[in-house]
*Asks:* 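The structure follows.
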Amino acid sequence: MEEKHDHILKEVTGSEYKYGFFSDIDTETIPKGLSEDVVRLISAKKNEPDFMLEFRLKAYRHWLTMKMPQWAHLTIPEINYQDIIFYAAPKQQASLSSLDEVDPELLRTFNKLGIPLEEQKLLTGVAVDAVMDSISVKTTFRESLAELGIVFCSMSDAIREYPELVKKYIGTVVPYTDNYFASLNSAVFSDGSFCYIPRGVRCPMELSTYFRINAANSGQFERTLLVADDDSYVSYLEGCTAPMRDENQLHAAVVEIIALENAEVKYSTVQNWYPGDKNGKGGIFNFVTKRGICKGDNSKISWTQVETGSAITWKYPSCILRGENTTGEFYSVAVTNNYQQADTGTKMIHIGKNSHSTIISKGISAGHGQNSFRSLVKVVKNADKVRNFTQCDSMLMGDKCGAHTFPYIEVENESAVIEHEATTSRIGEDQIFYCNQRGIDTESAVGLIINGYAREVLNKLPMEFAVEAQKLLAISLEGSVG
Amino acid sequence: MTNDSTLATELKRDLISLFRQNNGILETGSGRILNLYREQAFHDFDRLGIPSTKNEAYRYTPLEKYFQGNYDVELNANPFKYDIESIFKCDVPDLDTHVVLVLNGFYYNGNPAGTLPDGVAVCSLKEASLRFPDVFHKHYSHYADTSTDGLVALNTLFAQDGVFVYIPRDTVMEKPLQVINLSHSLKNLRITRRNLIVAEQNSSASIVVCDHTLCNKSYLTNSLTEVFIGENAGIAFDRLQNENSKSTQINNLFVHQLQSSRFNGNSISLHGGLIRNNFYIRQNGPDCDSNLNGLFLCDDSQHVANFVLVDHASPRGTSNQLFKGILDNDATGAFNGKILVRKDAQKIQAYQKNNNLLLSSAARMNTKPHLEIYADDVKCSHGATVGQLNTEAMFYLRSRGIGEKEARHLLMYAFANEIVSRISIPILKERIIELVEKRLRGELSLCNDCNIHCG
Amino acid sequence: MLQIKDLHVSINGKEILKGIDLEVKAGEVHAIMGPNGSGKSTLAAALAGREMFEVNSGKVTYRGENLLELSPEDRARKGLFLGFQYPVEIPGVSIVNFMKTAINEQRKFKGLEPISASDFLRLMREKKELVGLTTSLTNRSVNEGFSGGEKKKNEIFQMAMLEPALAILDETDSGLDIDALKTVAHGVNQLRRKDNATVIITHYQRLLEYIIPDYVHVLYKGRIVKSSGKELALELEAKGYDWIKGEE
């Protein structure tokens with residue numbers, strides 16, 4: 001732990017959003033705008049089977065009947081869907097047999113992001129699916145994982161190579177009718193990761209997807225599907241960055257997780273999309289639907305997220321606890337600084353008997369940031385002996401930001417025990433002074449205190465990500481005390 | 001929020017035509033100010049209608065169906081005569097209070113002025129609108145916002161009568177004022193009740209409100225009380241709701257506090273068909289203190305919903321909310337509490353807690369403890385639990401030879417007592433303890449010596 | 001080491017210190033005593049640079065520099081240590097982590113490389129023994145859930161770790177039982193050297209039985225009204241503060 005803090009201290013002084021560069025890569029784009037033809041075009045570009053096109057078209061037609069949701073505690077400017085490029089892909093050959101075929105600029109980009117795609121250079125124990133704009137450019141360790149029967153590849157490859165698996169599970173956790181952004185995603189999603197862990201297999205390495213938006217005026221609509229068969233285990237990570245631009249860019253993703261009997265899935269996110277500048281100009285609009293179902297008995301899904309980026313975050317990674325003795329977890333740190341807005345939280349839907357859930361949320365607001373925690377804990381009639389514990393803390397830094405808490409608790413079974421606690425506090429001037437008195441300057445003190453405050457959640461992250469997340473926290477709050 | 005459903009449109013249309021037919025009667029005998037607000041209320045109600053469950057604040061309270069029933073409306077005071085002594089005795093026998101009765105929304109009994117401190121006025125709202133035009137002008141409908149809740153607009157639209165209380169500056173009302181709201185009629189009734197309480201600078205008073213039905217008819221009561229608490233003034237407000245299972249009671253309480261004022265409210269919902277309580281407390285000056293506690297006990301198919309908004313609009317205020325519910329059989333309950341700390345309202349301490357016991361498999365509880373905070377130097381927390389009686393405590397009691405039924409009762413009583421013990425008037429507290437005990441034992445919470453067995 | 005000349009300090013516009021003069025030389029131990037509200041803690045906080053304490057006039061020279069111009073962290077890095085009367089809790093930040101950060105900040109300031117993990121661990125172990133701090137305590141968050149005695153021991157432990165030139169101990173003895181008091185005093189005595197100095201702020205004479213001061217000053221109503229050798233503490237204990245008040 002100490003080493004990590006040394007890094008933070010070094011990083012904290014004088015760095016801004018450091019992933020804001022743009023890579024000059026030959027990119028194929030389709031014209032701006034959204035129509036049925038665009039949906040067909042995306043599907044055609046990916047050589048998809050008919051069932052996928054059908055799914056997309058149904059979703060698109062449904063989306064046309066829907067309205068943008070207004071219930072979140074967010075101020076969202078109107079989004080012109082005819083002004084967005086729905087498909088942008090770095091030009092490359094259809095399938096890559098070796099890295100030599102990858103555009104060297106692409107490799108450089110990912111190297112610069114700290115995600116080397118050459119397997120020998122990779123952190124051991126982490127397999128990466130690198131997604132640039134609308135497509136996956138490289139999935140590492142695919143072959144060695146295949147030896148264990150694990151399928152880890154891009155969604156596009158999965159649709160072509162494992163159509164039965166995709167057909168069986170896609171849209172079963174997040175149906176195309178689910179919500180405005182999920183419907184949009186179902187119609188136009190371009191790529192994402194697919195992962196299947198067969199029965200009885202414990203995935204020996206961390207699987208990860210790194211999402212990068214590069215092209216201008218484009219949106220990113222990725223879709224991830226993760227199936228953990230009986231008695232399997234997988235830990236999955238995702239990271240995201242984007243160049244600094246003055247205009248807002250839309251990111252509307254869907255993640256679906258299916259955990260069968262005794263399976264365990266750990267899903268971690270470090271979200272660091274470009275948050276916009278100090279005056280709130282630019283930044284990613286991040287509207288994400290993430291949901292997992294603990295379908296089989298004794299299964300477990302655990303979400304951990306560190307949300308430091310995006311101009312607007314609208315995201316509720318949720319668990320449907322269908323099986324008996326299932327476990328759902330949600331650990332979150334969300335930072336809003338400058339003019340960032342976040343409305344994030346989770347839903348725990350208890351259907352199975354004896355299902356348990358834990359929600360730990362740490363919100364941090366600084367500058368003019370508005371940070372809302374929203375949750376639903378629902379216990380249906382026949383779900384006996386359900387337990388939930390929710391702890392939701394908010395920290396405020398400065399008098400122009402806001403911290404809000406909107407939990408919903410709906411209980412229809414008398415044997416449930418549901419507990420919710422929330423507190424709001426600020427970084428105490430006395431805490432900072434105490435650190436100052438020991439020779440620690442104010443910026444470092446804030447980083448130290450914030451990381452202490454968020455420790456419960458950071459501890460849930462895989463080691464490789466925890467370091468990154470700690471740095472991020474400190475950096476994203478830079479300049480917020482003064 | 002506009003509602004498009006047919007039922008909602010019908011309800012709205014019926015109520016609007018009812019108003020149009022009777023506007024003249026409503027205005028007769030009411031002061032100018034009382035009538036002045038009807039026009040705005042009309043427009044607001046026309047826009048808002050009866051809130052549906054699509055309205056976030058009414059998400060868990062399906063009100064529309066309760067408005068469907070066939071109700072008469074009394075637009076003039078009822079000619080019934082009662083033996084006041086018997087009703088008074090029924091409630092809190094030994095409580096030494098100034099008593100006023102309100103029957104079907106109309107101020108009923110004589111003026112207790114003789115015993116009141118100098119300058120204190122307690123009279124009918126209608127009368128006050130004529131007698132105290134200045135106070136009326138300054139306060140009436142200033143705190144109840146008709147523009148966001150159709151029920152507030154509806155109340156303002158039909159407001160005719162209720163209780164008016166005025167406590168001038170530097171005046172302390174030693175004896176509590178007891179307001180007994182009674183519903184009694186030969187037909188099902190729709191009742192509108194409107195109260196205004198004005199406590200000026202440095203004054204203090206304790207007000208006890210009891211709601212009763214005296215017969216087995218259905219009542220749909222829309223009651224609204226505005227409370228103004230001037231600088232450094234204090235109001236204690238204890239309410240006991242005990243109506244029959246066919247009654248639907250909507251209660252809106254708007255408390256407006258100025259600097260260094262204090263509000264202590266306790267709301268005990270013992271019995272009723274549907275009870276919806278909306279509490280709005282606004283701290284409009286620095287250093288205010290607000291305490292609001294609620295207990296609700298419901299069984300059969302009763303529904304009790306408490307909605308609270310504590311609005312910290314000024315610095316250094318403190319507030320505390322504690323709501324507890326016990327739900328049995330098919331009862332449903334809802335708690336919707338919000339603490340709002342506005343920008344620059346620094347050094348606020350605001351706490352909120354909601355604990356609920358579910359006693360049967362069909363009982364349901366929904367709770368939404370919300371915080372909205374726009375200032376940084378604040379201490380706020382909230383907590384909510386839904387659960388059962390502690391099994392270890394149950395076992396402990398039983399291991400000491402206490403039977404299961406009695407042990408359950410003891411623990412439930414202990415659960416409820418955290419609220420009841422906060423009632424500041426000792427005799428009232430004892431009485432309510434007794435009533436809660438009986439209620440928890442499943443006996444009708446009627447008073448022993450009441451001669452009107454309404455059920 | 002430290003020279004204070006006619007120091008006036010106010011808080012929220014109210015003047016608390018009304019002209020303090022004090023000189024502390026290397027190798028000395030000074031005790032500042034006085035009744036509650038006399039300004040003892042204000043003096044300590046003002047020297048450490050707490051912003052809410054406003055210096056209206058006067059001069060403070062620390063090792064030849066104008067102390068009042070320095071930020072709190074620079075004062076600390078230059079060897080000024082304040083043992084807090086009420087150490088604040090910092091949830092989630094372990095003492096190990098906290099100390100490592102503080103030491104490395106100091107080293108960075110001096111142009112030194114960060115301390116190695118093994119050196120740091122050795123230092124921790126050594127200093128923990130000095131003040132009788134248990135390992136379980138150092139793994140906990142800073143001051144969180146500590147008893148009064150543990151908090152004070154933790155302050156002395158940090159002092160040992162940071163090896164200050166000038167330590168100001170604000171009511172380090174308040175709320176301690178006799179054993180804890182002895183441990184704390186032992187720690188302070190162990191750290192006494194020819195090249196450092198200590199200022200002990202206390203209400204009671206008790207601590208001074210274990211840490212023998214070279215000078216005792218009595219602070220009353222924002223002024224030092226009496227200065228003498230260690231015997232003054234005993235006199236004060238015997239006669240009480242009313243004696244000073246009476247002399248006014």
Side-chain angles (χ1 to χ4, degrees), chain A residues 70-71 73 363 365-368 370-429 480-481, chain B residues 1 54 56 59-60 327-391:
Chain A
Q70 298 294 338
W71 45 261
H73 194 86
S365 321
H368 292 83
Q370 295 294 332
N371 203 326
S372 301
F373 167 79
R374 189 180 299 277
S375 69
L376 170 67
V377 175
K378 189 178 175 71
V379 181
V380 307
K381 201 163 172 46
N382 294 318
D384 293 337
K385 307 252 181 233
V386 163
R387 297 288 177 272
N388 162 267
F389 175 74
T390 302
Q391 168 82 45
C392 151
D393 297 324
S394 308
M395 183 176 271
L396 294 120
M397 299 167 69
D399 56 7
K400 289 179 183 66
C401 55
H404 320 295
T405 318
F406 305 108
Y408 293 75
I409 300 168
E410 302 181 359
V411 183
E412 299 182 10
N413 183 297
E414 94 282 14
S415 64
V417 176
I418 309 298
E419 288 174 85
H420 175 100
E421 287 172 17
T423 63
T424 298
S425 58
R426 64 169 186 162
I427 290 194
E429 182 263 338
S480 55
V481 174
Chain B
M1 189 178 289
K54 283 183 192 155
E56 182 63 26
R59 185 185 173 98
Y60 299 120
L327 301 103
D328 203 351
N329 309 127
D330 301 318
T332 52
F335 174 74
N336 186 340
K338 182 153 127 184
I339 296 172
L340 172 64
V341 178
R342 293 186 189 260
K343 199 163 170 290
D344 300 326
Q346 299 289 9
K347 305 226 180 282
I348 297 295
Q349 288 191 37
Y351 306 102
Q352 179 191 64
K353 212 163 94 176
N354 171 232
N355 303 121
N356 307 285
L357 280 182
L358 293 184
L359 301 180
S360 84
S361 58
R364 279 192 290 166
M365 181 67 204
N366 296 311
T367 173
K368 260 175 61 177
H370 287 185
L371 300 177
E372 242 184 278
I373 295 163
Y374 299 93
D376 63 330
D377 189 5
V378 297
K379 280 195 185 127
C380 294
S381 75
H382 67 193
T385 60
V386 179
Q388 311 77 45
L389 293 172
N390 184 331
T391 47

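Chain identifiers are assigned alphabetically (A, B, ...) following the order of the sequence lines, protein sequences preceding nucleic acid strands; residue numbering begins at 1 within each chain.
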*Asks:* So which of A:Thr423, A:Asp393, A:Asn388, A:Ile409 has the largest heavy-atom pair count under 4.5 angstrom toward chain B?
*Replies:*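 Among A:Thr423, A:Asp393, A:Asn388, A:Ile409, the one with the most close pairs to chain B is A:Ile409.
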*Asks:* Enter the distance from B:Arg364:CZ to A:Glu412:CD here, rounded to the nearest 0.5 Å.
*Replies:*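 Here the rounded value is 4.5 Å.
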*Asks:* Relative to chain A, which segment of B:Ala384 carries a heavy atom at a distance below 4.5 Å: side chain, backbone, both, or neither?
*Replies:* both
*Asks:* Any chance you could measure A:Arg426, atom CZ, to B:Ile373, atom CD1, to the nearest 0.5 Å?
*Replies:* 13.5 Å
*Asks:* Examine whether an atom of A:Asp399 lies under 4.5 Å from a heavy atom of chain B, and if so say whether it belongs to the side chain, the backbone or both; otherwise answer neither.
*Replies:* both
*Asks:* Please check: side-chain N/O of A:His420 versus main-chain N/O of B:Thr385, any donor-acceptor pairing under 3.5 Å?
*Replies:*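 No, because the side chain of A:His420 does not come within donor-acceptor range (under 3.5 Å) of the backbone of B:Thr385.
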*Asks:* Where along residues 375-387 of chain A does a heavy atom come under 4.5 Å of chain B, listed by residue number?
*Replies:*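 Within residues 375-387 of chain A, near chain B: A:Lys381.
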*Asks:* When only pairs under 4.5 Å are counted, which of A:Thr390, A:Asn371, A:Val417 shares the most heavy-atom pairs with chain B?
*Replies:*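 Answer, by heavy-atom pair count under 4.5 Å with chain B: A:Val417.
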*Asks:* Hey, which of B:Val341, B:Asp376, B:Asp344 has the most heavy atom pairs under 4.5 Å with chain A?
*Replies:*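 Heavy-atom pair counts peak at B:Asp376.
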*Asks:* Going by heavy atoms in the side chains, are A:Glu410 and B:Tyr60 under 4.5 Å from each other?
*Replies:* yes
*Asks:* Hey, which of B:Gln346, B:Lys368, B:Lys343 has the most heavy atom pairs under 4.5 Å with chain A?
*Replies:* B:Lys368
*Asks:* Look at B:Ala334, B:Ala362, B:Ala363, B:Pro369 and state which one has the largest set of heavy-atom pairs under 4.5 Å with chain A.
*Replies:*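 Winner by heavy-atom pair count: B:Pro369.
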*Asks:* Among residues 348-360 of chain B, which ones touch chain A with a heavy-atom distance under 4.5 Å?
*Replies:*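 Result: B:Leu358, B:Leu359, B:Ser360.
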*Asks:* Give a yes or no on whether the backbone of A:Glu414 and the side-chain of B:Gln388 come within a donor-acceptor separation of less than 3.5 Å.
*Replies:*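 It does hold such a pair.
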*Asks:* Where does A:Gln391 contact chain B at under 4.5 Å (heavy atoms): side chain, backbone, both or neither?
*Replies:* neither
*Asks:* Run the ring-centre check on B:His370 versus A:Phe373 and record whether the distance is less than 6.0 Å.
*Replies:* no
*Asks:* Of the non-hydrogen atoms in B:Leu371 and A:Ala422, which two are nearest, and what is the gap between them?
*Replies:*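 Nearest heavy atoms, B:Leu371 then A:Ala422: CD1-CB, 4.5 Å.
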